[in-house]
Amino acid sequence: MTPLDTLQKAEAADHALAEEMDRLVIVKSTIYTSGERDPREPQPRQDDKGKLYLMDRDPRLPRMPERPTLFDFFKYRIGPATHMLQSARLAQKNGVSEKIILACLLHDIATSGFIRSDHGYWAAQLVEPYVDPEVTFAIRYHQVLRFYPDESVGYHYPESYVRLFGADFKPQPHLERAYKTAREHKWYMTARLLTVNDLYSFDPSVQVELEEFTDIVGRHFRQPEEGLGFDDSPSAHMWRTINWPTRYL
Ligand SMILES: [Fe+2]
Ligand SMILES: [Fe+2]
């Protein structure tokens, strides 16, 4: 294909997308605009004359396969996963168990691809039907354990948190309770080792490929044959929402 052909193809695709967008009304979920907008006020109305509300894939997003795998979500919906990949690689280098490596690979899947607030809980719920309960536990509690040092494994309060949240930040009572629950749990050390390998800062120039973890994911993530989102698991709807974040219903 000549460069001109490529250019023409790209222009044709742009044109098709613009036409498709003209026929559709695409709205954002309240949670994605709450904070910028007073949620007590009605959503601003878009001009919907002669248009249909989106009930399928969003034409602006890269197309997902019919039966999407975990890696498809990483590639097409979960924005640069460098931090998770680097922390999984660090965990591997440190010789921890495969379960912890997998937990590292998945731990911030919610901040990168779904919802940031309470991200440990969302991520845990999302992967729960597909992984060992110990992996879910580590992911759920890493969020809160990050606030509490554990000198026994050389984990200090992150300097970056002082910069991000201020020197006076104190975890709220619900986090304090969650910390105590995690601290007394038999899987505490699994979650703690996730935080040890959860890099404070990461080097954007270090490339880690998803494929490095194909075997670990194959052994420890029960990939549904129907594709994530279509297997009727308790979190299938969450995967569908990540796949189709702007469907009207
Ligand atoms: Fe996190
Ligand atoms: Fe992290």
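Note: hydrogens, waters and symmetry copies are ignored here, and every other heavy atom, side chains too, is used. Atoms within a ligand are numbered from 1 in the order they appear, just like the ligands themselves. Starting from 1, each residue takes its place in the sequence as its number.
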| query | Can Asp47 and Lys49 be counted as an ion pair, charged N to O under 4.0 angstrom? | reply | no

| Under a 4.5 Å side-chain heavy-atom rule over Ile, Leu, Val, Met, Phe, Trp and Tyr, are Tyr155 and Leu193 clustered together? | yes

| query | If you measure from the Lys or Arg side-chain nitrogens to the Asp or Glu carboxylate oxygens, is any gap between Glu226 and Arg67 under 4.0 Å? | reply | no

| message | Test: ring-ring contact (aromatic ring centres under 6.0 Å, His included). Region: residues 13-70. Which pairs qualify, not counting sequence neighbours? | response | Tyr53-Tyr248

| Excluding waters, which protein N, O or S atoms are within less than 2.8 Å of the Fe ion (ligand 1)? | Asp108 OD1, His119 NE2, His142 NE2

Under 3.5 Å, which donor-acceptor pairs link side chains of residues 157-179 to any protein atom two or more places apart or in another chain?
residue	atom	partner	partner atom	Å
Tyr161	OH	Arg146	NE	3.2
Glu176	OE1	Tyr148	OH	3.2
Tyr179	OH	Arg183	NE	3.4

Could you give the side-chain donor-acceptor pairs of residues 94-114 under 3.5 Å, partners two or more places apart or in another chain?
residue	atom	partner	partner atom	Å
Asn94	ND2	Leu90	O	3.4
Asn94	ND2	Asn197	OD1	2.7
Ser97	OG	Ile100	N	3.3
Glu98	OE1	Arg219	NE	3.0
Glu98	OE1	His220	NE2	2.7
Glu98	OE2	Arg219	NH2	2.8
Lys99	NZ	Glu134	OE1	3.2
His107	ND1	Cys104	O	2.6
His107	NE2	His83	NE2	3.2
His107	NE2	Asp198	OD1	3.1
Asp108	OD1	His119	NE2	3.1
Asp108	OD1	His142	NE2	3.2
Asp108	OD2	His83	NE2	3.0
Thr111	OG1	Asp108	O	2.8
Ser112	OG	Asp108	O	3.2

